[in-house]
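These numbers come from a predicted model, not from an experiment.
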Amino acid sequence: MSQQAVTPQSQDFSAWYNDVVYKADLVSPSPVRGCLIIKPYGYEIWEGIRAGLDKRFKATGHQNAYFPLFIPESYLKREAEHVEGFSPELAVVTIAGGKELEEPLVVRPTSETIIGEAFSQWIQSYRDLPLLINQWANVVRWELRTRPFLRTAEFLWQEGHTAHATEAEAEAETLQMLDAYADFAMTEAAIPVVKGRKSDIEKFAGALRTYTIEAMMGDKKALQSGTSHNLGQNFAKAFNIKYLSRENVEEFCWTTSWGMSTRMIGGIIMTHGDDKGLRLPPRLAPIQVVAIPIYKNEDERTAVLDTVHRLVKELRGAGLRVHIDDREDTPGFKFNDWEMRGVPIRLEVGPKDVQNNKAVLARRDIPGKDGKQFISQDGIVAQVNDLLNAIHDNMLAQATTFREANTHDIRTYDEFKALAEKGGWARVWWSGSNEDERKVKEETGATLRCYPLDQPGGAGTCFYTGKPADRVAIFSKAY
RNA sequence: CGGGGUAUAGCGCAGUUGGUAGCGCGCUGUGUUUGGGACGCAGAGGUCCCCAGUUCGAGUCUGGGUACCCCGACCA
C-alpha cells in the first residue's frame, strides 16, 4: 500500500488536483482528447448540483426545454461579436449520412442563436413575455488546453434563456439569476463567492453586460463559477425577436442568458479539498454518511452488522444518503479510502459500541481524534443532521476565512506584481482602459475578475494609471 | 500553431553491447488478520502504438506515420 496518497497541495497543486479527481473515483480517462468520462460518484455530485439549481430555477418561474445539439452554421454568424468569440473553438459537422451537408452544422458551444431563432417564432405579443426557459445540455468548445471538470472539450451545463419587454426587466432577471447562483454556491456547495460584473474584455461574446460569481481556490487562484448575461437587444436584433406592445408598437425584446457547468465540481474540489483528498460539502455529497463495521470474528461481525443495519435504516428513513462499507479490507484502509472520497461523516460501529449502545461519528472536516466523538445510538438521526449542518457551516467559514486572508488591498503596481507572484486576490481602485487591462494581464498573468457589486463607495486612485477611480476591481490569476 | 517529451500487463514504470518480457500497485483463489493505509501461499493477465527497413534474430537500430503529455498564445 504505497500509492494511496495524493501529491501534497503545497508541493504541486495541479498534480494534487489530478490525483484527487482520479483517486476519488470521480472520472475515468476518455479515449477522446480533452473529454471526460464522469463516473457514477462524480456524476452524483453533478446530480446534486442539478437538483439544487433546478429547484431555484423553478421557484423563479422558469421551465425546462430542450433544443438541438446541432446549429446551422449561418446562425452563429448573425451576431458579429458572438461568432468572433466562439469560432476558433467550434466543432463542425460537414458530413452526415455519408454525404457532404449543404450547410455545415455546428455542435453547439452555447445555444443563444438556436434558442433566439425559436424565441422569434414563439413571441408575438407583450402577453408572451417574459419567456423564461432553461435547458440542461452538453456543449462543445474545442479548447486547446483542457483539465478535468475545469475545462473540457465537452461539458455539461444548464443555460437559461429569457426574453423580456424592457431593459429593466432583463437586468432584474440577470441579477436575480446571479443571486440564485450565489445562494446555491454558499448554501449547498459551501463556497463563498463574490458577485460582480465583468469588464468589457472579459464579458460574454455578444452580451451587453456579464455578471459573474468568483470563488477563490485552494491555490489562491480565482474560478469563475457561474455567469449571467444581460444580452441587451443584440440577439433580439440578430434573430428578430420582436413583440407587439400594449400600445400596438413593434418592439425588440431584451434577452438574457445564464449558465453554470460541471466546472462547479472542479470548484468544489479545489475549494475544500485537502492532502487527504476530497472534502465534499454535506448537502451535495453523494454519500453523506459511510458506515464502517468493525469486528474480529464471525460472532462480532454478525452483532456489529446487525446494529449497523438498524442505525442505517433509521438514517435512510430520515432521507439521509448512507452507504455501508462491508468490504473485507481493514478498517484503517476504509477510513483512508472514504476520506479520499470526501464523505462528510464516518459512522464506526464496533463490538464495544454494540454493548454500550454507542457509536462513533468522525467528521471529515476535522482530521484525526479531534473530529471523532462517541454518541449514543438513541436519537442518531438528529445527531447526524446537526453534525452535517455543522460541517457545512465550518467548511463555508474555513473557505471564507481563507479568501479574506488572501485578498489584499493593493495601491501600487509594484505591490500588485508581488502579489501576482505570490498568489492571492488584489482588490484595487481601477480606472484603466481596455488596453491597460490587457497590459496588466500580459505583464502579470492576473486578469480583472470582476467589479464586485458590493462597492465601498467614494473614490480612490487607480493603482495602475494613478488617475482618479470611482470603483474597485478584483484582479487575480484564474482558471 | 511554435518549443520540449512520451508510447511496454488495468494503472505507474524498468528493460544493459540486438538473443524471444519483468517490477510495484491492482485483479482471482485461499488461509491468517481487522478500532487509522495487514500478511503468507497459489494464480490470471502482453499486437512491446502503427507501417516499412536493417539483421540469422528487433521492445531495443533506421526511416515514415499516428496518438498522447508538458510549456506558451485562446478559453465556462
Side-chain angles (χ1 to χ4, degrees), chain A residues 1-6 12 14-15 18-19 22-23 28-35 84-90 108-111 137-147 149-159 181 198 201-205 207 210 212-215 222-229 257-267 276-277 292-298 300-301 304 325-340 346-354 358-360 362 367-369 371-372 374 438 441-442 445 447 478-479:
Chain A
M1 292 291 156
S2 56
Q3 302 202 349
Q4 296 295 330
V6 296
D12 183 344
S14 189
N18 272 313
D19 284 352
Y22 285 100
K23 291 187 176 178
S28 189
S30 150
V32 181
R33 190 199 70 83
C35 295
E84 195 187 325
F86 281 104
S87 52
E89 52 194 62
L90 294 180
R108 65 182 163 217
T110 179
S111 305
N138 57 339
V139 288
V140 168
R141 300 180 186 177
W142 217 254
E143 304 288 354
L144 300 177
R145 301 266 294 108
T146 61
R147 306 192 61 193
F149 294 123
L150 299 173
R151 180 162 298 107
T152 45
E154 178 191 12
F155 58 93
L156 305 180
W157 77 346
Q158 57 68 217
E159 45 179 327
Y181 288 147
K198 283 292 185 189
I201 288 180
E202 300 281 336
K203 75 174 190 197
F204 178 74
T210 287
T212 175
I213 53 171
E214 298 284 327
L223 183 76
Q224 178 176 313
S225 309
T227 47
S228 188
H229 317 289
S257 69
W258 25 275
M260 186 177 272
S261 72
T262 36
R263 168 179 256 202
M264 190 69 182
I265 298 173
K276 285 178 140 321
I292 299 184
I294 296 161
Y295 47 81
K296 285 193 174 60
N297 54 50
E298 205 45 41
E300 285 182 358
R301 180 172 185 275
V304 164
D325 187 353
D326 57 0
R327 290 178 295 180
E328 288 174 9
D329 301 276
T330 62
F333 173 85
K334 293 179 186 177
F335 294 171
N336 286 283
D337 194 34
W338 291 108
E339 277 163 8
M340 174 72 68
R346 179 177 73 237
L347 168 65
E348 298 172 28
V349 178
K352 284 177 250 169
D353 303 316
V354 172
K358 298 271 187 189
V360 172
K369 262 191 184 151
K372 272 174 112 157
F374 281 90
R438 282 195 198 93
K441 179 180 179 182
E442 200 177 304
T447 50
Y479 281 95

Trainee: Counting any heavy atom closer than 4.0 Å, what does A/L150 reach on the DNA or RNA strands: base, sugar-phosphate only, or nothing?
Mentor: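 Base, at least one base atom sits under 4.0 Å.
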
Trainee: Counting any heavy atom closer than 4.0 Å, what does A/S261 reach on the DNA or RNA strands: base, sugar-phosphate only, or nothing?
Mentor: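 If one applies the 4.0 Å heavy-atom cut-off, A/S261 turns out to touch a base.
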
Trainee: Atom pairs, N/O to N/O, protein against nucleotides 32-34 of chain B, distance under 3.5 Å?
Mentor:
unit_1, atom_1, unit_2, atom_2, d
B/rU34, O2', A/Y295, O, 3.2

Trainee: Quote, to the nearest angstrom, the C1' distance that separates B/rU55 from B/rU20.
Mentor: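 My reading of the C1' atoms in B/rU55 and B/rU20 gives 15 Å.
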
Trainee: Tell me which nucleotide among B/rA76, B/rG36, B/rG35 gets nearest to the side chain of A/E348.
Mentor: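 Minimum distance to the A/E348 side chain belongs to B/rG35.
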
Trainee: Give one of base, sugar-phosphate or nothing for A/S28, where a contact means two heavy atoms less than 4.0 Å apart.
Mentor: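 No contact at all - A/S28 keeps every heavy atom at 4.0 Å or more from the nucleic acid.
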
Trainee: Among A/E159, A/H229, A/Q158, which residue meets the side-chain contact (heavy atoms from CB on, under 4.5 Å) test with A/W258?
Mentor: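 Considering A/E159, A/H229, A/Q158, a side-chain contact (heavy atoms from CB on, under 4.5 Å) with A/W258 is found only for A/Q158.
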
Trainee: For A/V360 and for A/Y479, locate the closest nucleotide of RNA chain B by heavy-atom distance; then report the residue assigned to the nucleotide nearer the 5' terminus.
Mentor: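 Nearest nucleotide further toward 5': that of A/V360.
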
Trainee: Taking only the C1' atom of each, what is the distance from B/rA7 to B/rC51 in whole angstrom?
Mentor: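 Looking at atom C1' only, B/rA7 and B/rC51 are 16 Å apart.
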
Trainee: Starting at NZ of A/K372 and ending at P of B/rG36, how long is that distance when rounded to a whole Å?
Mentor: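 Computing the A/K372:NZ to B/rG36:P distance gives 6 Å.
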
Trainee: Minimum heavy-atom separation for A/T227 to A/Y181, with atom names?
Mentor: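 That would be O-CE1, 3.5 Å.
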
Trainee: With P as the reference atom in both, quote the distance from B/rU62 to B/rU17 in angstrom, rounded to an integer.
Mentor: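 Straight-line distance between the two P atoms is 14 Å.
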
Trainee: Go along nucleotides 68-74 of chain B 5' to 3' and tag each nucleotide: B for a protein heavy atom under 4.0 Å from its base, S when only backbone or sugar atoms are that close, - otherwise.
Mentor: SSSS-BS

Trainee: Find the distance between OG1 (A/T146) and CZ (A/R141) and round it off to the nearest 0.5 Å.
Mentor: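 So the gap between those two atoms works out to 14.5 Å.
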
Trainee: Hey, is the main chain of A/A207 close enough, under 3.5 Å, to the side chain of A/K203 for a donor-acceptor pair?
Mentor: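 Answer holds: yes.
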
Trainee: Could you measure between the two P atoms, the one in B/rC23 and the one in B/rC41, and give it in whole Å?
Mentor: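 These two P atoms come out 14 Å apart once rounded.
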
Trainee: Rounded to whole Å, how long is the line connecting atom NZ of A/K203 with atom P of B/rA76?
Mentor: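 After rounding, the gap between these two atoms is 14 Å.
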
Trainee: Please give me the minimum heavy-atom distance between A/F86 and A/A205, naming the atom from each residue.
Mentor: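 That closest heavy-atom pairing would be CE1-CB, 4.4 Å.
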
Trainee: In whole angstrom, what separates A/F86's CZ from B/rA76's P?
Mentor: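 Taking atom P of B/rA76 as the reference, CZ of A/F86 is at 7 Å.
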
Trainee: Considering all heavy atoms of both residues, which atom of A/P293 and which atom of A/D325 are nearest to each other, and what is their separation?
Mentor: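 Between these two residues, the closest heavy atoms are CD-O, 3.2 Å.
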
Trainee: Could you check whether the side chain of A/E339 and the base of B/rG36 have a donor-acceptor pair of N or O atoms closer than 3.5 Å, going by distance alone?
Mentor: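 By the distance-only test, yes, there is a pair.
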
Trainee: Under 4.0 Å, heavy atoms only, any strand: does A/K369 hit a base, just the sugar-phosphate, or nothing?
Mentor: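 Nothing, no heavy atom under 4.0 Å.
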
Trainee: Across the strands shown, which category fits A/K352 at heavy-atom distances under 4.0 angstrom: base, sugar-phosphate, nothing?
Mentor: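 Here A/K352 touches the bases of the nucleic acid.
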
Trainee: Tell me whether A/K334 contacts the main-chain N or O of A/R327 through its side chain, where contact means a donor paired with an acceptor under 3.5 Å.
Mentor: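 Confirmed, A/K334 side chain pairs with A/R327 backbone.
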
Trainee: Quick one: list whatever passes side-chain hydrogen bond (donor to acceptor under 3.5 Å, both in side chains) with A/R263, sequence neighbours left out.
Mentor: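 If we apply the side-chain hydrogen bond (donor to acceptor under 3.5 Å, both in side chains) test to A/R263, skipping adjacent residues, there are no hits.
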
Trainee: With a 3.5 Å cut-off and heavy atoms only, can you find an N or O donor on one side and an acceptor on the other between the side chain of A/R346 and the base of B/rG35?
Mentor: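 Counting by modelled atom types and ignoring angles, no donor-acceptor contact under 3.5 Å is found here.
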
Trainee: In whole Å, what is the span from the CG atom of A/N336 to the P atom of B/rG35?
Mentor: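 Taking atom P of B/rG35 as the reference, CG of A/N336 is at 12 Å.
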
Trainee: What integer number of Å spans the P atoms of B/rG31 and B/rG36?
Mentor: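 My reading of the P atoms in B/rG31 and B/rG36 gives 25 Å.
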
Trainee: If we take the P atom in both B/rA52 and B/rC11, what is their distance in whole Å?
Mentor: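 My reading of the P atoms in B/rA52 and B/rC11 gives 26 Å.
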
Trainee: Using whole Å, what does the distance between atom P of nucleotide B/rA38 and atom CZ of A/F335 come to?
Mentor: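 Result: 11 Å.
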
Trainee: Please confirm whether the backbone N or O of A/K198 pairs with a side-chain atom of A/E202, one donor and one acceptor, at under 3.5 Å?
Mentor: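 Such a contact is absent between A/E202 side chain and A/K198 backbone.
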
Trainee: Apply salt bridge (Lys or Arg N to Asp or Glu O under 4.0 Å) to A/R346 and list each qualifying residue two or more places apart in sequence or on a separate chain.
Mentor: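 Checked A/R346 against salt bridge (Lys or Arg N to Asp or Glu O under 4.0 Å); matches are A/E339, A/E348.
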
Trainee: Kindly give the heavy-atom pair with the smallest separation between A/V304 and A/I294, and that separation in Å.
Mentor: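 Heavy atoms of A/V304 and A/I294 come nearest at CG2-O, 3.4 Å.
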
Trainee: What pairs with A/N336 under side-chain hydrogen bond (donor to acceptor under 3.5 Å, both in side chains), at least two apart in sequence or on another chain?
Mentor: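 If we apply the side-chain hydrogen bond (donor to acceptor under 3.5 Å, both in side chains) test to A/N336, skipping adjacent residues, there are no hits.
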
Trainee: Base, sugar-phosphate, or nothing: which does A/F204 touch, judged by heavy atoms less than 4.0 Å apart?
Mentor: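 Contact class for A/F204: none.
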
Trainee: Starting from P on B/rG35, measure out to CG on A/D325 and report it in whole angstrom.
Mentor: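 One finds 13 Å between P of B/rG35 and CG of A/D325, rounded.
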
Trainee: Roughly how far, to the nearest 0.5 Å, is CZ of A/R147 from CG of A/N18?
Mentor: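 So the CG of A/N18 and the CZ of A/R147 are separated by 6.0 Å.
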
Trainee: Just call it for A/G350: base, sugar-phosphate, or nothing, with non-hydrogen atoms closer than 4.0 Å on any strand.
Mentor: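 Here A/G350 touches the bases of the nucleic acid.
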
Trainee: Return the stems involving RNA chain B, sorted by first number, where pairs are Watson-Crick (N1-N3 with N6-O4 or O6-N4) or G-U wobble (N1-O2 and O6-N3), both under 3.5 Å, and runs are 3 or more long.
Mentor: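 The stems that RNA chain B takes part in, listed by first number, are B:1-7 with B:66-72, B:10-13 with B:22-25, B:27-32 with B:38-43, B:49-53 with B:61-65.
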
Trainee: Using the P atom as the point on both nucleotides, what is the distance between B/rG64 and B/rG5, in whole Å?
Mentor: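 That atom pair is separated by 16 Å.
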
Trainee: Are the side chain of A/R108 and the backbone N or O of A/N138 linked by a donor-acceptor pair below 3.5 Å?
Mentor: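 Checked: pair present.
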
Trainee: Write down the distance between NZ (A/K198) and P (B/rA76), rounded to a whole number of angstrom.
Mentor: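 Nearest whole value for this atom pair: 8 Å.
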
Trainee: Donor-acceptor pair under 3.5 Å: do we get one between A/D353's side chain and the base of B/rG35?
Mentor: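 Pair found.
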
Trainee: Calculate the interatomic distance between A/F333 atom CZ and B/rG35 atom P; express it in whole Å.
Mentor: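 One finds 13 Å between P of B/rG35 and CZ of A/F333, rounded.
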
Trainee: Work out how far the C1' atom of B/rC1 is from that of B/rG57, and round it to whole angstrom.
Mentor: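 So the two C1' atoms sit 43 Å from each other.
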
